[in-house]
Amino acid sequence: MEKWDLLNEQGRQTGRTMVRGERLHPGQYHLVVHIWVMDGAGRLLIQRRAPHLHLMPNVWAATGGSALAGENSETAARRELLEELGINTEPGELQHIQRLKRRNSFCDLWLLRRDVPVGQLQLQREEVAEARWVSVAQFREMIRENRFHNYGKEYFDCLLKYMESL
């Protein structure tokens, strides 16, 4: 049973938790983290979700998931990156990009600058079918052609503006 901390409309913890799958009421939020890996050539590491998943099967998407009760954003991001792709990081190694308020969550975007050969990744087969590197131009094309999960204009504008500033 996975538990999440409940956040208020300002993104602060309320001191209450919920069980994954329970319905969130208006004014209740939980924390989601997305981790973007960029190599020295400026390419992004993306992953295709496993075909058996109930939510977004076979869809190219960001690495990430929900923070567990008691985790802060960075800890959750480091855990998700290790679980899904086998990439271990040290505290402070990830760069925080932005926090976005979504319909029922706050989504923290994180960046890791690292060259990782795809063949050395340890994919969590329960979650991830494959991973690959794409250029920012290829990534934009995937978004435009609806071949990448649509996180929304605000999300992609924020992410791409940050990536282009590096």
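Here the structure is a predicted model, which means the values were calculated and not measured.
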Inset, instruction - Would you kindly confirm whether V136 and I97 end up in one hydrophobic cluster when ILVMFWY residues are joined by side chain heavy atoms under 4.5 Å apart? - result: yes
Legend entry - E145 atom CD: more than 12 heavy-atom contacts under 6.0 Å: yes
Legend entry - Test side-chain contact (heavy atoms from CB on, under 4.5 Å) applied to I35 and L45, D108, L81, the passing residue: L81
Inset, instruction - Could you state whether L123 and V118 fall into the same hydrophobic cluster, counting links through intermediate Ile, Leu, Val, Met, Phe, Trp or Tyr residues with side-chain heavy atoms under 4.5 angstrom apart? - result: yes
Inset, instruction - Please check if L68 and L7 belong to a single hydrophobic cluster, counting links between Ile, Leu, Val, Met, Phe, Trp and Tyr side chain heavy atoms closer than 4.5 Å. - result: no
Inset, instruction - Calculate, to the nearest 0.5 Å, the distance between atoms OG1 and CG belonging to T63 and L85 respectively. - result: 4.0 Å
Inset, instruction - Apply side chain to side chain contact (heavy atoms under 4.5 Å, CB included) to the pair V37 and W133, showing each step before the final yes or no. - result: CA-CA 9 Å; V37 182; W133 289 103; 3.7 Å; yes
Legend entry - Sub-4.5 Å side-chain heavy-atom contact between E71 and L31: no
Inset, instruction - Can you measure from OG (S73) to CH2 (W110) and round to the nearest 0.5 angstrom? - result: 4.5 Å
Inset, instruction - Determine, step by step, whether V32 and H34 satisfy the side chain to side chain contact (heavy atoms under 4.5 Å, CB included) criterion, reporting the C-alpha distance in whole Å, the side-chain angles of both residues, the deciding distance to 0.1 Å, and the verdict. - result: CA-CA 7 Å; V32 173; H34 286 179; 3.9 Å; yes
Legend entry - CG-OH distance between L109 and Y162, expressed to the nearest 0.5 angstrom: 10.5 Å
Legend entry - In one Ile/Leu/Val/Met/Phe/Trp/Tyr side-chain cluster, 4.5 Å: M18, F106: no
Inset, instruction - Answer yes or no: is there a donor N or O on one side and an acceptor on the other, between the side chain of R78 and the main chain of T89, under 3.5 Å? - result: yes
Inset, instruction - Answer yes or no: is there a donor N or O on one side and an acceptor on the other, between the side chain of S105 and the main chain of C107, under 3.5 Å? - result: no
Legend entry - V33 reachable from L94 in the ILVMFWY side-chain graph, under 4.5 Å edges: yes
Legend entry - Test log, rule side chain to side chain contact (heavy atoms under 4.5 Å, CB included), inputs L121 and I87: CA-CA 7 Å; L121 296 173; I87 299 175; 3.8 Å; yes
Inset, instruction - Output yes when a side-chain donor or acceptor of H52 lies under 3.5 Å from a complementary backbone atom of E126, and no otherwise. - result: yes
Inset, instruction - Ignoring hydrogens and angles, tell me if any N or O in the side chain of D5 forms a donor-acceptor pair with the backbone of G70 under 3.5 Å. - result: yes
Legend entry - Whether over 12 other heavy atoms sit under 6.0 Å from E93 CD: yes
Inset, instruction - Evaluate the side-chain proximity of Q28 to N104: yes if any heavy-atom separation is below 4.5 Å, no if none is. - result: no
Legend entry - Spacing of M38 atom CE and L166 atom CG [to the nearest 0.5 Å]: 5.5 Å
Inset, instruction - Grab the two heavy atoms, one from E74 and one from G92, that are nearest each other, plus how far apart they are. - result: OE2-N, 2.6 Å
Inset, instruction - Check N88 against R114 and note the closest heavy-atom contact, atom names and distance. - result: O-NH1, 3.0 Å
Inset, instruction - For residues R99 and G11, report the shortest heavy-atom separation together with the two atoms involved. - result: NH1-O, 3.4 Å
Inset, instruction - Measure the spacing between CD of E22 and CH2 of W4 and express it to the nearest 0.5 Å. - result: 9.5 Å
Inset, instruction - Kindly compute the distance separating CD (E154) from CD (Q98), expressed to the nearest 0.5 Å. - result: 8.0 Å
Inset, instruction - Taking all heavy atoms of F148 and all of A62, pick out the closest pair and write down the distance. - result: CZ-N, 3.7 Å
Legend entry - Nearest non-hydrogen partners of E80 and G65, listed with the distance: OE2-CA, 3.6 Å
Inset, instruction - Kindly give the heavy-atom pair with the smallest separation between R140 and L160, and that separation in Å. - result: NH1-CD1, 3.6 Å
Inset, instruction - Look at the side chain of R20 and the backbone N and O of E2, then say whether any donor-acceptor pair between them is shorter than 3.5 Å. - result: no
Legend entry - Evaluation steps, side chain to side chain contact (heavy atoms under 4.5 Å, CB included), between E130 and W60: CA-CA 9 Å; E130 69 178 298; W60 288 98; 3.5 Å; yes
Inset, instruction - Verify the neighbour count for atom NZ of K101: are there more than 12 heavy atoms of other residues, nucleotides or ligands below 6.0 Å? - result: yes
Inset, instruction - Using a 4.5 Å cut-off on heavy atoms from C-beta on, say whether the side chain of N150 contacts that of F156. - result: yes
